[in-house]
Enquirer: 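Below is the structure I would like to discuss, written out as structure tokens.
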Amino acid sequence: MTRIPADHWLLALRTVLAVWLALFLAMRLDLYQPAWAILAVMIVTLQPVMFTGGTPPIGIIIGRGVARLFGTLFGAIVGLVLISLFGQQPMLYLLFAGGWLTFCMYWVMLEQDEYLGYVMMLSGYTATLVSLTAIGTGVDQIWHVAQARFSETALGIGCALLTHIAIAPRFGSRALPQTLSEFLAEGARDTLDVLAQPRPRRLRDSQFKRLLGHYQQFQKLRGLTRLETRRLSHFIPALDRFASDSLALITAIRELETALDYLRACDDGQRWLSPLLDQALPVLERTAAEPAAEPGEPPVLAAFDWDPEQVSPRSRTRAELVRQRLGEVLDLLHHGQRLRHALTAPDSARIETLPRKRRSRTTHNEHFVARYNALRVFVAFELLGLYWIHSGWQSGYLAMMMLGVFTMLFAKAPNPAAVVYQFLWGSLAAVVLGGALLFLVLPVINGFPLLALAVAVPVTIGTLLTPHPRWSAMGLAGAITMMTLLNLNSTYTFAPARYINGGVASVIGTLVAMVTFSVMRQRSSAERIRTLMAAYWQGLARLLGERNQPSRARLESRLYDRLGRLVALGGSDTALREAIDLHALALCVWRIRRLGPELDTHREAIETWLAGIGTRLLARQRHDPAVWRQLADEAISWVERLYHETRLPIASIGEIAMLGHLMRTAPGVTLEQGDPLAPGPQGVVQEDAREDAREDAEENCVTAHDAATREREPEPSQADAETDEADIAPDEPDTDVNKTDTGSDEPETGDDTHVR
């Protein structure tokens, strides 16, 4: 027998007390339908439980409650407008009510802000609830119905918030400092591992997933800060800024590892790496051991003290690349440490140095997905409405209400048909249990105490079921259906025929929602991931070809929003690895174009070359190793040409070299022979040897035998090709990509707003 945890009993206690308080006040004030107040309590309390598996943090309850309040207000106003304009014209009402549902659904699917999307969701189905209730009970009562719906929803929200705040509240934001510490310590340890020795690809990927897990936890808790406490309200801009900087840290570690591989392949690589290690290791070790400690001055890696005549251009370029990327990692970790220390000591003077302005956010919008969801809601609503009107079905408005609620409520679920199927069983159980309560229990009780005890039984059952993934939908469905069907007015009415008709209509509405999701199936997660990856590639092609540069903040915002969407869709390790590779490529291209004025007379030619890369990436197989070898060779040819331009800054040459290095690893494919998941130093050395051979032969510094030996490069094995074909199918442009917003990295003038 499964033991019910104490947390679940405590959740049930809060819910029952909130229901009792809402029921008492609603009946004391003689409100229109006290069950609506109970319904608000149940939804505000239990809907978050479906996703948290236990008592949700108070911030989620507050956010959902406020969003539900505003959504109900807007929906009630729209319901009033619908009835006032089309109350006597059922076909026009059906058309415009379905249009409002469609509009709200489209917005819900596009909106990334959880609470704003929840407001639009509530606005959508509350408008139909208010207007359909008025149609079912008399349109002359529309103002009374709309006012009652809003006031009773507000009452239920207030009661739910009161009980959750008063009885053992859970503050999720209190764990934010510790979560930030774990992320910083993990990032510092990962950087130490990178500096210690080369790592196989499998180890790199597993470390990336760990860092990404810490980041996701930080993101969840960051959103609760503004809702749970005012003490940390002035940290919100800094938290928002670090939300993107923390992902930039992951990409910077990825680039640092690539730069280190190539520096180690130089004969004098360790000589130039040693002074960097001497400066960076103490800082990283201190961060890994005590991420919450008060940070010192921002770390600045000293410039190399070398004689350009004595050190080869290749060594200088690669060493400078490592210094820049390592400096970026240290800057980001220092930013996180300042924020972490400020959370512990909010009165510290260092708070004044934290960012005060929120960074603008650019999102990746799946317009095709939003249009399709809006279409199926409209089709289902119109078809059921036509049947309701032409059949004269008296209780059909209840079926319409349930259809509107369920199609809006679970549109974002990975498999909405399965969720609504659970709701169907919960609705059936609620109809039976509600009938027994309404016609067997309520007629024989007298007074509020007995009524409260009778209502507490189904509320407790539904609350205890909801935290369990297998029964959560049934528990919430039972609560919603029962509160919709129960008549808890001051005057009891015995009307079994009306109850049965209403129960059947509710079940039919739920069934129609399930059939709608089953027949008009959404694109699968795999298809959406393919479209998302195609959006990555098209965004990279635009970045390569556009004349004007977007700001770095805008570029990173779009890239990291896509990464978050990829994780939410359940992207494979291969897809995540490809996304990170594309992040690094995009940022490297951005740096090259940002440093364009320093390229002097070569700027126009390099800009043309970059634009040509974008054209070829869209026109060819993106995961073809031969394409990436050719692109990497072109980048190295540019580097060799610029080595002898003494007037050019070494940083500009280094960025082009980094682009060539990143192309050597080829996003999404395996170029090297052997373990497809382990590029290892062998592949780097082989590619480096190929490059060395060209330059050394040009300078006549090696024998013909050595040059011939270094020019040999193994071809990709058949096993590698099969692995590539199995892991990732080529992302060729198709009609779905054209229909989908594949990125809005539009040209944007202005200075770099990215703060380090």
Side-chain angles (χ1 to χ4, degrees), residues 7 11 44-45 47-67 112-118 161 164-165 168-190 208-250 287-288 290-293 295 332-333 335-346 348 351 354-356 358-359 361 363 467 557 560-561 563-565 567-568:
D7 180 66
L11 175 66
V44 169
T45 301
Q47 191 177 9
V49 175
M50 293 181 63
F51 306 104
T52 59
T55 301
I58 192 64
I60 294 180
I61 301 294
I62 294 174
R64 291 274 178 153
V66 174
Q112 299 297 309
D113 185 89
E114 176 187 0
Y115 299 114
L116 185 55
Y118 194 62
L161 290 177
H164 275 79
I165 293 174
R170 288 185 57 191
F171 293 92
S173 59
R174 292 177 178 174
L176 179 64
Q178 180 60 30
T179 301
L180 181 56
S181 293
E182 293 172 357
F183 175 78
L184 294 174
E186 190 69 28
R189 286 193 293 267
D190 190 22
F208 160 73
K209 292 180 68 176
R210 284 198 297 271
L211 269 176
L212 193 61
H214 287 295
Y215 165 77
Q216 290 176 306
Q217 183 65 18
F218 167 74
Q219 277 285 68
K220 291 178 183 178
L221 299 181
R222 178 181 66 87
L224 301 176
T225 303
R226 70 189 69 200
L227 299 171
E228 291 188 348
T229 175
R230 292 188 58 84
R231 184 180 70 91
L232 301 179
S233 59
H234 52 290
F235 289 105
I236 291 175
L239 290 169
D240 290 343
R241 182 70 61 90
F242 191 72
S244 61
D245 282 354
S246 54
L247 282 172
L249 174 63
I250 299 176
T287 303
E290 300 179 0
L332 291 168
L333 288 173
H335 176 199
Q337 269 198 296
R338 287 194 295 123
L339 179 59
R340 174 62 183 89
H341 177 68
L343 291 175
T344 304
S348 172
I351 294 178
L354 295 176
R356 293 292 181 178
R358 294 182 63 183
R359 177 170 293 167
R361 184 181 179 189
T363 58
S557 175
Y560 297 142
D561 182 75
L563 179 61
R565 187 69 58 85
V567 173

Enquirer: Output the distance between atom CG (L161) and atom CD1 (I61), rounded to the nearest 0.5 Å.
Expert: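 L161 atom CG to I61 atom CD1 measures 7.5 Å (nearest 0.5 Å).
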Enquirer: To the nearest 0.5 Å, how far apart are CZ in F183 and OG in S246?
Expert: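 Rounded to the nearest 0.5 Å, the CZ-OG separation comes to 4.5 Å.
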Enquirer: We want to know whether E114 and Y118 form a side-chain donor-acceptor pair, criterion being a heavy-atom distance below 3.5 angstrom.
Expert: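 On atom types as modelled, these side chains do not qualify, holding no pair under 3.5 Å.
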Enquirer: If you compare all heavy atoms of G336 against all heavy atoms of L180, which two are closest, and at what distance to 0.1 Å?
Expert: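 That would be O-CD2, 4.1 Å.
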Enquirer: Can you find a heavy atom in the side chain of R340 that is under 4.5 Å from one in the side chain of P177?
Expert: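 Of all side-chain heavy-atom pairs linking P177 with R340, at least one is under 4.5 Å.
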Enquirer: Please report the shortest heavy-atom distance between L339 and F242, naming the atom on each side.
Expert: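 It is CD2-CB, 3.8 Å.
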Enquirer: For the NE2 atom of H335 and the CG atom of L184, what is their distance to the nearest 0.5 Å?
Expert: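 Reported to 0.5 Å precision, the distance equals 10.0 Å.
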Enquirer: Between R338 and P295, what is the shortest heavy-atom contact and its length?
Expert: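 The pair with the smallest heavy-atom distance is CG-CG, 3.7 Å.
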Enquirer: Quick check: closest heavy atoms across A185 and A288, and the distance to 0.1 Å?
Expert: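 What the structure gives for the nearest pair is CB-O, 3.7 Å.
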Enquirer: Which residues pass the salt bridge (charged side-chain N to carboxylate O under 4.0 Å, His left out) test with E290, not counting sequence neighbours?
Expert: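 E290: no salt bridge (charged side-chain N to carboxylate O under 4.0 Å, His left out) contacts found.
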Enquirer: What distance do L211 atom CG and R189 atom CZ have between them, rounded to the nearest 0.5 Å?
Expert: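 Going from the CG atom of L211 to the CZ atom of R189 covers 9.5 Å.
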Enquirer: Any chance you could measure D7, atom CG, to R170, atom CZ, to the nearest 0.5 Å?
Expert: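 It is 6.0 Å, given to the nearest 0.5 Å.
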Enquirer: Side chain to side chain contact (heavy atoms under 4.5 Å, CB included) with R210: which residues, sequence neighbours excluded?
Expert: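 Counting only residues at least two positions away or on another chain, R210 forms a side chain to side chain contact (heavy atoms under 4.5 Å, CB included) with E186, S206, Q207.
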Enquirer: Could you work out, with side chain to side chain contact (heavy atoms under 4.5 Å, CB included) as the rule, every residue matching L221, not counting sequence neighbours?
Expert: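 Expected list: A175, L176, T179, Q217, L224.
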Enquirer: So which heavy atom on I60 is nearest to which on P48, and how close?
Expert: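 In terms of heavy atoms, the two residues are closest at CG2-CB, 3.6 Å.
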